[in-house]
Undergrad: 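Let me begin by handing over the structure; questions about it come next.
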Number of protein chains: 2
Amino acid sequence: MTEELNTGLLLYLPYRAMETRVFEELAAAGFDDITPSQARVFQRIAPEGSRLSDLARQAGITKQSAGFLIDQLERLGYVHRVPDPGDGRARLVRIAERGHRSVEASRAVVSRVEAEWETHLGARRMAQLRRILADLREITDPWR
Amino acid sequence: MTEELNTGLLLYLPYRAMETRVFEELAAAGFDDITPSQARVFQRIAPEGSRLSDLARQAGITKQSAGFLIDQLERLGYVHRVPDPGDGRARLVRIAERGHRSVEASRAVVSRVEAEWETHLGARRMAQLRRILADLREITDPWR
DNA sequence: CTTCTTTGGTCAGTCTCTCTGACGGGATCG
DNA sequence: CGATCCCGTCAGAGAGACTGACCAAAGAAG
């Protein structure tokens, strides 16, 4: 029976399922000291490094909260901070060695889950889903 | 440029956008004392009432956390608790008068946002999105 | 019917995450 | 140079989540 679930909740369910899977399998792979909140910020770090304020804006939290989380990630060896060559006020948060390994591991989990979804939906509808979501992003992602 | 965003994040962005909109407009309509956490539990209450444990399971939190949130919702007049006629241990959480009004209000916001999305995507792709998500729910929603 | 186990819910304590407010130091522009 | 804006931090407070311990009712087993 197709219940009348609103589209928001319909989006949330698979999102949550993905997040849960990634954390479970990441923990099993030895990255058991990272929390969902930390990961949501970590995920946004650009390859060349990001400023704290940018991360905060993108994650939708205050810069104080972002600073708190980045402090922890730094202590755990996932990131480090370097001075921003272009701006003396700022520092760049960059992914450290352990961070790169965790990225690699989580990428593998994501691929696995996406493959499962594709098996269930079929390749054509999976591609449609991604295309529609990417399109929707234009009006729902305030940051790019 | 279609970046290689993972499907989880792609799902999260519109979800978060929807949630934000609902809270903003709900607050503007006088329901300014409810928090996202409370709402995530509240949302799951069945028309005939739900048990605390069920709500906790569905929201993915412990029953203690759910109890904490339901206490607040009760104090604010959104729900009330009645004994479960079929089980002396249990009590049913039911939506109270103010709760019904807030449901009505949020339903209106959801419809509005969905209409905006439909305008952007087109009716055909919006329907596709909902159908695919409902299908995906079968393997990502542990509770039905 | 008694005993054991499961289930619904609460109490107590703690930790993580988030926010607001205030601030110091560097950049930018008149 | 002086006014202002932006980057990041410090301090304090509150919300929401967890674990562990517990009680009471229901269900299963003897």
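Labels below follow one simple rule: chain letters A, B, ... track the order of the sequence lines, proteins then strands, and each chain is numbered from 1.
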Undergrad: For A:Ile70 and D:dC7, what is the distance between atoms CD1 and P respectively, to the nearest whole Å?
TA: 16 Å

Undergrad: Kindly say whether, by distance alone, the side chain of A:Arg89 makes a donor-acceptor pair under 3.5 Å with the base of D:dC6?
TA: yes

Undergrad: Determine whether a donor-acceptor pair (one donor, one acceptor, N or O, separation below 3.5 Å) exists between the side chain of B:Gln64 and the base of D:dG20.
TA: yes

Undergrad: Would you say a side-chain N or O of B:Thr62 is under 4.0 Å from OP1 or OP2 of D:dT19?
TA: no

Undergrad: OP1, OP2 of C:dT10 versus side-chain N and O of B:Arg81: anything below 4.0 Å?
TA: yes

Undergrad: Examine distances only and state if a side-chain atom of B:Arg21 and a backbone atom of B:Val109 form a donor-acceptor pair shorter than 3.5 Å.
TA: no

Undergrad: Classify A:Asp84 by what it touches in the nucleic acid, base, sugar-phosphate, or nothing, heavy-atom distance under 4.0 Å.
TA: nothing

Undergrad: Please determine which of B:Gln58, B:Arg57, B:Arg51 meets the side chain to side chain donor-acceptor pair (under 3.5 Å) test together with B:Asp54.
TA: B:Arg57

Undergrad: How is A:Ser53 classified with respect to the nucleic acid when contacts are heavy atoms under 4.0 Å: base, sugar-phosphate, or nothing?
TA: sugar-phosphate

Undergrad: State, with a plain yes or no, whether a side-chain heavy atom of B:Leu11 is found less than 4.5 Å away from one of B:Leu133.
TA: yes

Undergrad: Provide, to the nearest angstrom, the distance between the CZ atom belonging to A:Arg51 and the P atom belonging to C:dG25.
TA: 19 Å

Undergrad: Does B:Ser37 make a side-chain N or O approach to OP1 or OP2 of D:dA15 shorter than 4.0 Å?
TA: no

